[in-house]
Amino acid sequence: MLPDDIVLEELMRLSKSVFVNREVLRPDYVPEKLPHREEQIRRLTQILAPLVRGERPSNVFIYGLTGTGKTAVTRYVLMKIKEYVEGRGPGFIYVYVNCRHDDTTYRVLARIADALGERVPFTGLSTAEVFSRVKAAIERFGGVVVVVLDEIDFLVKKHGDELLYRLTRINGELRRGKVTLIGITNDVSFVERLDARVMSSLGEVELVFPPYTAEQLTDILKERAEKAFRPGTLAPGVIEYCAAVAAKEHGDARRALDLLRVAGEIAEREGAEKVTVDHVKRARQEIELDTVSEVIKTLPYHGKLVLAALLVLGGKAQSTGDLYIAYRQICRALGTEPVTQRRVSDLVGELDMLGIVTARVISKGRYGKTRVIALTVSPETVKKVLSVEEGLREVLA
DNA sequence: CGTCCACAGGAATGACGGGCGG
DNA sequence: CCGCCCGTCATTCCTGTGGACG
């Protein structure tokens, strides 16, 4: 094929695409406009304004459910302040850490070190060593370091608040340089479990992000769709449908944007002229399949078996004990040594955290206290993903 | 109104593999 | 290469508890 033909073919293909710029719909895209978050932007800017003078702002604690714009607003405001400060005064460094991904003390510290230009090995050092390296790096830098700890509840759930405690006290130990912490969480109950000393320090200022309504989601989607799609490629009602679905799931803008993007991708794959509501419906299924297989992939082997046991029970178990019995049967069928009930209890907790199962503690009075466990995704999806696993196809049949 | 069930979930511990500094 | 430290999966032992039953 001649280069000319390649170019022509590619141009033809692109001109038919429903997208002009699909990046705009990606979750990590920081838009120029953040509809219905004006108040939060204003507040956060006020709080962080001391950065302009090279001074340390108060620590900030931000609450709000997933997809309510916490991360986007925080990054947006910090980016803008950084641009403003550029060449105008003392600079500052900002570090963004997602604690869902970096969920150990070590990894969080390594992230901070990295942003300060201090290379830290993957593993091998003691956390105390990394901590003192971070401190040294901050003193060398000498300015304000803003540390954003997103989804901070993950870190605390797994490793307690020790790191937080140390970070909130770090300013007293530093001879030069200052640290401001921005903690972000979507788990409100998490606050109660936090040490009072940490909370009073971390929560010097608090900021709340309410969920979006369906109408607000529609605005957000319209805004982005204009940049993402070629004009006239969205069938009527598509945006409203995405907004309605996401509004039902606690006003999650990320979900709404994902839905729209994947629907577009499906339409494009089929060479369709327009994105329709039907594409959105299929996008829902595809997204569910993706998230479920992603989650299951990271699960320990016995975690998968526990999930299989739940499937055998029709997607819900009245008690951990019931589930454990079903799990043991699966182990027997596979000739695998079962783990203890204590361990299964933790695995259930893990599945709950990952959001593919809900586990509510209930008390049945005289008949004990247990957890009622139910699948939150469609059993077919889980079955499809689990069937890939060695020997499980037969067990599930 | 106390008891007592069926677990929840914390704490300590260990085996294991991976990775680094010295 | 050794010794140390890490994260992960798992065990053992344990204390705590909401509320129906007696």
Side-chain angles (χ1 to χ4, degrees), chain A residues 97-114 118-137 151-166 187 189-195 198 294-310 313 316-328 330-332 334-354 356-374 389-390 392:
Chain A
V97 185
N98 186 321
C99 302
R100 185 204 292 264
H101 184 235
D102 298 311
D103 61 352
T104 68
T105 307
Y106 190 96
R107 283 215 280 266
V108 171
L109 286 171
R111 269 297 154 110
I112 299 172
D114 196 49
E118 172 82 25
R119 285 302 303 162
V120 165
F122 232 87
T123 171
L125 267 50
S126 72
T127 31
E129 169 65 18
V130 183
F131 193 82
S132 64
R133 284 198 197 185
V134 165
K135 254 167 59 180
E151 307 199 73
I152 198 171
D153 42 317
F154 278 85
L155 176 69
V156 174
K157 256 176 225 157
K158 284 193 90 169
H159 297 275
D161 49 19
E162 202 193 309
L163 174 65
L164 249 40
Y165 182 65
R166 296 208 61 184
D187 181 0
S189 69
F190 151 82
V191 179
E192 291 147 27
R193 289 195 302 267
L194 215 50
D195 185 300
V198 174
E294 203 57 41
V295 163
I296 289 179
K297 220 189 292 170
T298 68
L299 235 42
Y301 180 61
H302 288 279
K304 294 174 189 173
L305 298 190
V306 168
L307 205 49
L310 190 59
L313 292 177
K316 46 185 183 291
Q318 290 311 308
S319 73
T320 305
D322 289 356
L323 181 62
Y324 189 62
I325 291 166
Y327 159 78
R328 289 193 73 119
I330 286 182
C331 284
R332 184 141 19 94
L334 292 171
T336 311
E337 197 63 28
V339 297
T340 56
Q341 183 163 332
R342 177 68 187 86
R343 177 61 185 150
V344 168
S345 172
D346 275 349
L347 289 168
V348 168
E350 206 172 314
L351 291 171
D352 184 34
M353 255 201 3
L354 291 165
I356 100 168
V357 132
T358 50
R360 283 183 20 254
V361 286
I362 57 145
S363 180
K364 294 194 283 187
R366 234 254 73 166
Y367 301 106
K369 197 176 140 193
T370 185
R371 282 191 291 186
V372 176
I373 304 144
E389 213 64 31
E390 192 71 28
L392 271 183

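In what follows, every chain begins at residue 1, and chains take the letters A, B, ... in the order their sequences are listed. On a predicted model such as this, the values are computed, not experimentally measured, just so you know. All heavy atoms count here, side chains included; hydrogens, waters and symmetry mates do not.
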Rounded to whole angstrom units, what separation is found between the CZ atom of A:R343 and the P atom of B:dA11?
17 Å
Enter the distance from A:I373:CD1 to A:L323:CG here, rounded to the nearest 0.5 Å.
5.0 Å
Could you tell me the separation between the CG atom of A:L323 and the P atom of B:dA6, rounded to a whole number of Å?
17 Å
Atom CG of A:L347 and atom P of C:dT8: how far apart are they, to the nearest Å?
14 Å
Between CD of A:Q318 and P of B:dC7 the distance, given in whole Å, is 12 Å
Could you state the CD1-P distance from A:I362 to C:dA20, rounded to the nearest angstrom?
11 Å
I'd like a list of close polar pairs between nucleotides 14-18 of chain C and the protein, N/O only, cut-off under 3.5 Å.
residue: C:dG18; atom: N2; partner: A:G365; partner atom: O; Å: 3.0
residue: C:dG18; atom: N3; partner: A:S363; partner atom: OG; Å: 2.9

Side-chain contact test, heavy atoms from C-beta onward, threshold under 4.5 Å: evaluate it for A:I152 versus A:L164 and give yes or no.
yes
Measuring from A:L392:CG to A:L305:CG, what's the distance to the nearest 0.5 Å?
6.0 Å
Grab the two heavy atoms, one from A:S345 and one from A:R371, that are nearest each other, plus how far apart they are.
O-NH2, 2.7 Å
In whole Å, I'd like the distance from the CG atom of A:D346 to the P atom of B:dT13.
18 Å
Looking at NE2 of A:H302 and CZ of A:R343, how far apart are the two atoms once the value is rounded to the nearest 0.5 Å?
9.0 Å
With rounding to the nearest 0.5 angstrom, report the CG to CG distance, A:L109 to A:D114.
12.5 Å
In Å and rounded to the nearest 0.5 Å, what is the OH to CG distance from A:Y327 to A:L347?
7.5 Å
Using whole Å, what does the distance between atom C1' of nucleotide B:dC5 and atom CD of A:Q341 come to?
13 Å
C:dA10 phosphate, OP1 or OP2: any side-chain N/O from A:T340 under 4.0 angstrom?
no
With the side chain of A:R107 defined as its heavy atoms from C-beta on, choose the nearest nucleotide among B:dG9, B:dC7, C:dT8.
C:dT8
Less than 4.0 angstrom between a side-chain N/O of A:S319 and OP1 or OP2 of B:dC7, yes or no?
yes
Would you say B:dG9 has OP1 or OP2 under 4.0 Å from some side-chain N or O of A:S345?
no
note: A:R360, atom CZ; B:dC7, atom C1'; distance rounded to Å ~ 15 Å
Among C:dT12, B:dG9, B:dC7, which is the nearest nucleotide to the side chain of A:R371?
B:dG9
